[in-house]
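For the single chain, residues carry numbers from 1 onward in sequence order.
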Amino acid sequence: MKTYILYFNLLLGMLLSFQETWSQEMITVSGKVLNAENYEPIPYASITVMGADKNLGTSSNQSGEFLMKVPANYKSIKVSYVGFESEEYPIKAGEAQNIRVMLFPANSIEEIVVKAPKRLKYSNKNNPAVELIRQVVAHRDQNRLTGQKLAEFDQYEKISLGLSNLDGKFKNKKVFKNYQFLFQADDSVENSYVLPAYMEEKFSKVYYRKDPNAKKQYVLAERKAEFDPKFVDNDGLSKYFNRLYDEVEIYDNNITILTNQFLSPIANAAPTFYRFYITDTIKTVSPMLVELSFFPRNKTDLLFKGKLYVTLDGNYAVQKAQMTINKDANINFVRDLNIELGFEKNAENKFYLNKSSLGIDFALTDKGKGIRGKRVVLINNYQNGLERPDSIYQVPDKYIVKQVEEEPIKEESYWATLRPEPLQRSERMIYENIDSLQHMPSFRTLMDIGALVFSGYKQAGPVEIGPVNTFYSYNPVEGFRLRVGGRTTELLSKRFYMEGYGAYGFEDKKWKYFLSGTYSLNNKSIYKFPQHYVRVSASYDTKIPGQNLEFIQEDNVLLSFKRGENQSYLYNHVYRVDYKAEFSSNFSVTAGLGMWNQNPAGVLSYRLPQMDGGFKQINELKNTEFNVGLRYAPHEEYYQGKLYRTPIFNAYPIFNFNYNAGLKNVFGGENAYHTFTAGAFKRFYLSQLGYADINVEGSYTLGDNLPFPVLNIHRANQTYAYQLQSYNLMNFMEFISDKHASWNVQYYMNGFIFNKIPLIKKLKIREVFSFKGVYGGLRDSNNPSLNNNIYSWQTNGLGEQSSFTFSNKPYMEVSAGVANIFKILRVDVVKRLNYLDHPDAPQWGVRARIKFDF
């Protein structure tokens, strides 16, 4: 079983990446380039194939090693480096070969001793390489796509992934006995194998217009190696992989890869963070090129190293780029990363991107098994200046034509006519292999186990049982709590879905339940975009007032451990009808009508002050509420899991607006009120300084003589887990308001400071800071201190007042933390800045959070 789970974690945790293999007509040539005088390796030496067009070749790495594929019809390679004599080496036909290259310093003479001058400190001043890169930056806009008035081209994309660096021992394990057909020999490493696991292709027509600005991609054909949708969200997986292997635009200031931003070597600020050297001049092509090598000043920063080939025709355009990252860079799970960009001239004598290749090898260790993937983008039929009707530019930015959306084209003969270059043998087999896997009982069992591990649901025919992390929990009102539940799937019906659970508390000896029925109005799964459904539900359960957790169940076992007193609970009877509609523009509408009866439990009480100074206990509060919600998230993408959507954040803001109305005397409702809430979220990318997530929100409730359960009870956290959307040192039900404004700033520096500290930088830890605050208040008519006709303030077990409204200052807390501990853990020290005189108000706290980052 452990072996199955390990295999599934590797195969489907990311669905991994694979090593490109060349056809049999290619010869593998590897070797090492050395200084013939002292036998030291020569890094970044140029290796070219003699007689080949377009400078077919490669360069040696930092250790002087190189590996390349050479077409069998070429007979020799040339190795060169500035300051050394070039050498030519013959290629033996029909066999792989390893060459030891010895380069002699140019114009060397014998019997002479030269005292080395003192090494000069690198400087941007009077540096011709820096002057050249500044010319590239100055001409950047004219040399990129946005410098054209009108352009259109055919674009072919492919992403392929799989397990890598597998040895024969791993391949021949008993568990893989039925899967030997999946393994392919890795030509780049002796006695090593890859296991291709995912393949995606796309063919599009792209139209660009500068004024008014528009870039529209018409997807004419699309093809994916898809897994059973019961286990995997194939569309979400595709979006996730496309985000990891994002398109590389060298002319942007920042290049997004693996959800992080890397500073481009031709960004405005590039000379501040990079060192540049002119390492070669290539006169055999027109226009003449300068080879410009660049390195990060700090090896741990999110920067590239590599070479740019710049034209000397006055345009200072990039004709080719080769980039990678330093092994010491503060980035997780990446063993190797390579980017290759190629540019060609168009009819107007301007260079345009015609090929982009991004390869990433993921692994936990440098020599262990890993995940290798590659994205290739090929551009053909590039044309300038063609006028098109406005209707061409009025579709969504990525427009999938109708026939592709309804039934993707899968015939290999059709795709062969679209591809600018054929698939490699291992790539061609992925589609067939994945299809074969779907029909293997052992593989379906493996997928079922993986779904249970990652999502918490167990398949049982047309029903899923779970989530397993809620089967057991504890709270002071119910004591030990057991729960079991499940839901139906598309196997039962694509229109109607049911979900429910039953739970029992051993302390209060009460049964709880939830039951819902959902009808899909668009004949699609209610868990997939775009959602369009009507839901009816009924429930009876416990609840902490003010706690509306977004990404976790309240009875999750991990939330059973809390600090301080946490005995304020409700028994909640809820009956609801809900409607939701999502649109292709990522705008969504929700509406609902609900009736709820609340009974206080634990130390929570509903008390009305009496004339004699005593209190009247209210055992039940009834309300009927109507709500409407609007949400707009431009270009939002996400991975849809069994329970929640995992957002793939972009640079666009997310807006939401909600209106809640209390309906008095409707189905027994006791209160009339109107609550308006609006909020916005935005991720700000700050290049080398990391990024910041900022949330702002405000609300206002109209209505008088309202009891606190219908007002805004601000979300607190008494667990030891750091919660992003809660106030981590606020007590449950501590602050109540009928109007408020709040802010939440999470700032991730991505190691910008720690990367500069010796020894500390080897840990690859990262800084994180937060600042949260909320300010509001209560009108006199809703303030228990000023109105005896509403419920009194809450008290704790000692009889002390434990709920309040704001005085003349906001509640605020700050935190400073260390993230990326062991690559998965974030630990924050949190300080509460005010209202420290409240009962059990902590001034300091340490909170932890599991956070996976690249």
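Contact record, E582 with S588: CG-CB, 3.8 Å, taken as the closest heavy-atom pair.
Looking at H740 and N712, their side chains do bring a donor and an acceptor atom within 3.5 Å of each other. Side-chain contact annotation: R481 with N475, donor-acceptor N/O pair under 3.5 Å absent. There is no side-chain donor-acceptor pair under 3.5 Å between N782 and Y673. N522 and S520 form a side-chain donor-acceptor contact under 3.5 Å, judged by distance and modelled atom types alone. Between the side chains of S726 and N717, no donor-acceptor pair is found at a separation under 3.5 Å. With 3.5 Å as the limit, one finds no donor-acceptor pair spanning the side chains of S568 and Q794.
Salt-bridge annotation for E636 and R631: present, with a side-chain N of the basic residue lying under 4.0 Å from a carboxylate O of the acidic one. The pair R576-D578 counts as a salt bridge, with a side-chain nitrogen and a carboxylate oxygen less than 4.0 angstrom apart.
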Going through the checks in order, is the side-chain contact (heavy atoms from CB on, under 4.5 Å) test met by M595 and H573? CA-CA 8 Å; M595 297 165 285; H573 286 267; over 6 Å; no
Full working for ring pair (Phe, Tyr, Trp, His ring centres under 6.0 Å) between F649 and Y685: CA-CA 11 Å; F649 290 113; Y685 290 99; 9.2 Å; no
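At least one cation-pi condition fails for K851 and Y722: the charged atom is not both under 6.0 angstrom from the six-membered ring centre and inside a 45 degree cone around its axis. Relative to the six-membered ring of Y533, R535 meets both conditions, a distance below 6.0 Å and an angle of at most 45° to the axis. Stacking of K512 on the aromatic ring of Y571 is not recorded, the 6.0 Å distance cut-off and the 45° axial limit not both being met. Both the sub-6.0 Å distance and the 45° axial angle are satisfied by R487 relative to the ring of Y457.
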Got a list of side-chain donor-acceptor pairs under 3.5 Å for residues 599-606, not counting sequence neighbours?
residue : atom : partner : partner atom : Å
N599    : ND2  : N619    : O            : 2.8
Y606    : OH   : Q598    : OE1          : 2.9

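Between F735 and F806, the gap from one ring centroid to the other is short of 6.0 Å.
Under the rule for a salt bridge (Lys or Arg N to Asp or Glu O under 4.0 Å), D840 has no partner lying at least two apart in sequence or in another chain.
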